[in-house]
Amino acid sequence: MARQETRPHAAVKPARWAADAVATMREGARVRLDYSAQSLWRVDRMIEEIRRERPPYAAVRDVLRGFGAYAGEVIVRQAGAEWWATGGEHWVRTPDGRLWDPIDEARRCYGGHGSLRLLCRDATAPA
């Protein structure tokens, strides 16, 4: 029997949130997310569209968490990074030891001060 690779326990929740965001965007908005760095352009635009509608933060909190987890998964896959968790918070740790908070970056995007695309670019660039 072939050995199956498993993901660290810290990745379970963010990987699920990311998968839920992918499914929701595919089924609800007809937007295809493929875990590529280029797909984060679409995610940034979706957050901007939501922000322009000005819904209360509580109404979009889970969507933003899903978008942030999706960006984290892109970084994990592109850079060979891994999820870290402590106290209910989740970060991505790149192989060079840097920590990134894509879920918080999604919140910053909603506030008009962030970009998941740029976070991914920075996280996957050599230190």
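The shown structure was predicted, so the numbers you read here are calculated from the model rather than taken from an experiment. For the single chain, residues carry numbers from 1 onward in sequence order.
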side-chain contact (heavy atoms from CB on, under 4.5 Å) for L64 and I50? Distances and angles first, verdict last. CA-CA 10 Å; L64 295 173; I50 293 168; 5.7 Å; no
Run L99 and V92 through side-chain contact (heavy atoms from CB on, under 4.5 Å) and show every step you take. CA-CA 6 Å; L99 289 173; V92 171; over 6 Å; no
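Applying the ring pair (Phe, Tyr, Trp, His ring centres under 6.0 Å) rule to pairs touching residues 88-127 yields W17-H90, sequence neighbours excluded. Residue pairs meeting the salt bridge (Lys or Arg N to Asp or Glu O under 4.0 Å) criterion with at least one partner in residues 9-26, sequence neighbours excluded, are R16-D20. Sequence neighbours left out, the pairs with a member in residues 56-67 that pass side-chain hydrogen bond (donor to acceptor under 3.5 Å, both in side chains) are Y57-R107.
Partners of R108 under the salt bridge (charged side-chain N to carboxylate O under 4.0 Å, His left out) rule, at least two apart in sequence or in another chain, are E105. Applying the salt bridge (charged side-chain N to carboxylate O under 4.0 Å, His left out) rule to D122 yields no partners; only residues at least two apart in sequence or on another chain are considered. Contacts of R45 classified as salt bridge (charged side-chain N to carboxylate O under 4.0 Å, His left out), with partners at least two apart in sequence or in another chain: none. With sequence neighbours excluded, the residues forming a side chain to side chain donor-acceptor pair (under 3.5 Å) with D44 are S115, listed by chain and number. Applying the side chain to side chain donor-acceptor pair (under 3.5 Å) criterion to W41, with sequence neighbours excluded, gives no partner residue. Applying the side chain to side chain donor-acceptor pair (under 3.5 Å) criterion to Q78, with sequence neighbours excluded, gives no partner residue. D101 meets the salt bridge (charged side-chain N to carboxylate O under 4.0 Å, His left out) test with no other residue; sequence neighbours excluded. Checked against side chain to side chain contact (heavy atoms under 4.5 Å, CB included), E49 has the following partners two or more places apart in sequence or in another chain: M46, R52. Take R32 and apply the side chain to side chain contact (heavy atoms under 4.5 Å, CB included) test, not counting sequence neighbours, and it matches D34.
Distance CG/L116 to CD1/I47: 4.5 Å, rounded to 0.5 Å. Here the straight-line distance linking atom CZ of R117 with atom CD of Q38 works out to 11.0 Å at 0.5 Å rounding. Atom CZ of R42 sits about 6.0 Å away from atom OG of S36, to the nearest 0.5 Å. The structure places CZ of R93 at 4.5 Å from CH2 of W84, a figure rounded to the nearest 0.5 Å. Between the CZ atom in F67 and the CG atom in L33 there is a gap of 7.0 Å [rounded to 0.5 Å].
When all heavy atoms of L40 and C120 are compared, the pair lying nearest together is CD1-CB, 3.3 Å. Scanning both residues, I103 and A69, for their nearest heavy atoms gives CG1-N, 3.8 Å. What you find for P102 and G72 is that their closest heavy atoms are CG-CA, 3.6 Å. Shortest non-hydrogen contact noted between A18 and E73 is CB-CG, 3.7 Å. Contact detail for P95 and G80: the closest heavy-atom pair is CG-O, 3.5 Å. Of all heavy-atom pairs spanning E27 and R30, the tightest one is O-NH1, 3.5 Å.
Distance alone, capped at 3.5 Å, is enough to place a donor-acceptor pair between the Y70 side chain and the Y35 backbone.
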